[in-house]
Amino acid sequence: MYEIPLFKLNYDLEEENAVISTLKSKWISTGPKCAEFERLFEELIGVKHAIALSSCTDALHLANYSLGVGPGDEVICPSLTFAATVNSIIYVGAKPVFCDIKSYSDLTIDPNQIESLISNRTRAVIVMDYAGFPCDMDPILSIADKYNLKVIEDSCHGPMSEYKGRCIGTIGDVGCFSFFSNKNVSTGEGGMLTTNRDDLYDKCKSLRSHGMSTMSYQRATGHATEYDICEVGFNYRLDDIRASLGIVQLNKLKADLIKRQGVRKMYETSLSCLDEVIIPFSDNKEFVSNYIMPIVLKDSSKIKRDFVRNYLHEKGIQTSIHYPAVHKFSVYKQYTRTLPITEYVVDNEISLPMYSTLKDNEVVYICESIRKALDKWNSTVTNTK
């Protein structure tokens, strides 16, 4: 076990009591708790419609599917993301077209490169709000409007993160959120699809449950006695047990994110003296989720990055990397292309511990350990010359 883990689950007796209450209600599949969870999420981020799903991957799949993306189409997306972003494109038979990120200090998709990748087969763009920091949506929406493209926001890192006063996941055609166990809102597994479009809401709500015209809870409560299958759908429902956890988590979210802001500021202060470290998004002024705390090493290599990570692990500090480049995975070799900024970042990024209860002295210890690791590396390199 690490003395300072990468993440700590923000759970207490409230979550336990919520689950017990749902179990006692005798209704544990999709029902009133899911409906409440969806309503609270709509209010929280200011979107017209929210649909609770069993994962963010489901949301991404439904987003592509409902927007009409299919075989022969192309979807522009980042490679610096989790594989699910790209898998969702493959699920509908389309081709992912990988786009580079903006810079070592802004790890979101580069709008300037998006336009150069558009072909007569391009149908949509998927953007990913890395670490909860918003993509540059104005030029992205302008490009989408110019070429009649759909915009899918992979907002899995950013519940309540803002872009110019609007919550991400409410700006494009569809937003997709994750409630995996290490996310800001944690239900173990789970996701949410958001949209302001009534047509997409109706379609995705039906597709969530096999294309059925009515759900089990509606029939159990006497609001319907039978159902029709209107189209071939999927089993992407969230259950009320996990929805009850999500309700508690949503009620805690704003306070948790405010505390994370303080942790981020402490990191920025403590890392400011390390010339060999880039702090991405250091000029951001928006309210964001601070899902993770990434740093990028300057003039570095994967060997050096791994040396620093191993040193931190020896000191009881857990780290991670977000993410391996998707376009480098074996399964995507046929789609690979050169992405120089992404490729440097994936070899030199370190995700440091980030959670709201991380103490100032722990942040100082982490940053001091990074300094010592870099000093040790530099000394070792100098002595071998």
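No experiment lies behind these values; they were computed from the predicted model shown.
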Taking side chain as C-beta onward, heavy atoms only, is [X] less than 4.5 Å from [Y]?
{"X": "L117", "Y": "R337", "value": "yes"}
{"X": "H61", "Y": "V92", "value": "yes"}
{"X": "L80", "Y": "H322", "value": "no"}
{"X": "F180", "Y": "E189", "value": "yes"}

With [X] via salt bridge (charged side-chain N to carboxylate O under 4.0 Å, His left out) - residues at least two apart:
{"X": "K102", "answer": "D106, D136"}
{"X": "D360", "answer": "none"}
{"X": "R309", "answer": "none"}

Any donor and acceptor pair, going by atom type alone, linking the side chain of [X] with main-chain N or O of [Y] inside 3.5 Å?
{"X": "D173", "Y": "I152", "value": "no"}
{"X": "Y365", "Y": "K315", "value": "yes"}
{"X": "S116", "Y": "N112", "value": "no"}
{"X": "T336", "Y": "K333", "value": "no"}
{"X": "W27", "Y": "S29", "value": "yes"}
{"X": "E153", "Y": "G175", "value": "no"}
{"X": "S161", "Y": "S289", "value": "yes"}
{"X": "S186", "Y": "K183", "value": "yes"}
{"X": "D239", "Y": "I241", "value": "yes"}
{"X": "R242", "Y": "G188", "value": "no"}

For a quick test of reading the model, state the closest non-hydrogen atom pair linking [X] to [Y] and the distance between them.
{"X": "I317", "Y": "I366", "value": "CD1-CA, 3.9 Å"}
{"X": "T319", "Y": "I350", "value": "CB-CG2, 3.8 Å"}
{"X": "P280", "Y": "P294", "value": "CD-O, 3.2 Å"}
{"X": "T30", "Y": "R237", "value": "OG1-CB, 3.2 Å"}
{"X": "Y130", "Y": "H157", "value": "C-ND1, 3.8 Å"}

Under the rule for side chain to side chain contact (heavy atoms under 4.5 Å, CB included), what residues qualify as partners of [X], not counting sequence neighbours?
{"X": "S301", "answer": "I303, K304"}
{"X": "E15", "answer": "Y11, D12, L245, V248, Q249, K252"}
{"X": "K376", "answer": "F307, Y311, T380"}
{"X": "E74", "answer": "K95, V97, S119, R121, T122"}

With no hydrogens and no angle check, just 3.5 Å: does a side-chain donor-acceptor pair link [X] and [Y]?
{"X": "N251", "Y": "E14", "result": "no"}
{"X": "S320", "Y": "Q318", "result": "no"}
{"X": "D256", "Y": "S356", "result": "yes"}

Quiz item: Would you call K265 and E268 a salt bridge, taking side-chain N to carboxylate O under 4.0 Å as the test?
Solution: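 Looking at E268 together with K265, the answer is no, because their closest N to O distance does not fall below 4.0 Å.
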Quiz item: Less than 4.0 Å between a side-chain N and a carboxylate O, is that true for D306 and K302?
Solution: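 A salt bridge links K302 with D306.
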Quiz prompt | Co-members of the apolar cluster containing F37 [side chain, <4.5 Å] | solution =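 F37 clusters with L40, F41, L44, I45, V47, M160, F177, F179, V185, M192, L238, I247, L250, L253, L257, I258, F287.
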Self-check item: I321, CD1 atom: more than 12 neighbouring heavy atoms under 6.0 Å
Solution: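 Atom CD1 in I321 is packed in, count exceeds 12.
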Practice problem: Mark yes when over 12 heavy atoms from residues, nucleotides or ligands other than K298 sit less than 6.0 Å from its NZ; otherwise mark no. | Solution: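 Yes, enclosed.
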Scan the side chains in residues 137-147 for donor-acceptor partners under 3.5 Å anywhere in the protein, sequence neighbours excluded, and list what turns up.
residue, atom, partner, partner atom, Å
D138, OD2, Y163, OH, 3.4
D138, OD2, K164, NZ, 2.5
K146, NZ, E115, OE2, 2.8
Y147, OH, E115, OE2, 2.7

Exercise. Determine the interplanar angle of the F133 and F281 rings, folded into 0 to 90°, and report it as parallel if under 30°, tilted if 30 to 60°, perpendicular if over 60°.
Key: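 Parallel: the ring planes of F133 and F281 meet at under 30°.
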Between side-chain atoms of residues 340-347 and protein atoms elsewhere (two or more places apart, or another chain), which donor-acceptor pairs fall under 3.5 Å?
residue, atom, partner, partner atom, Å
T342, OG1, D100, OD1, 2.6
E343, OE2, H327, NE2, 2.9
E343, OE2, L339, N, 3.0
Y344, OH, L297, O, 2.7
Y344, OH, D299, N, 3.1
Y344, OH, S300, N, 2.9

Quiz item: How would you list all residue pairs meeting salt bridge (charged side-chain N to carboxylate O under 4.0 Å, His left out) that involve residues 22-44, not counting sequence neighbours?
Solution: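 Of all non-adjacent pairs touching residues 22-44, those that pass salt bridge (charged side-chain N to carboxylate O under 4.0 Å, His left out) are K33-E36, E38-R208, R39-E43.
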Exercise. Kindly write out the residues that satisfy ring-ring contact (aromatic ring centres under 6.0 Å, His included) with H49, not counting sequence neighbours, or none if the list is empty.
Key: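 Testing H49 for ring-ring contact (aromatic ring centres under 6.0 Å, His included), a comparison that skips the adjacent residues, returns Y201.
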Exercise. Take F98 and V326 through the side-chain contact (heavy atoms from CB on, under 4.5 Å) test and state the conclusion after the steps.
Key: CA-CA 9 Å; F98 292 109; V326 176; 4.0 Å; yes
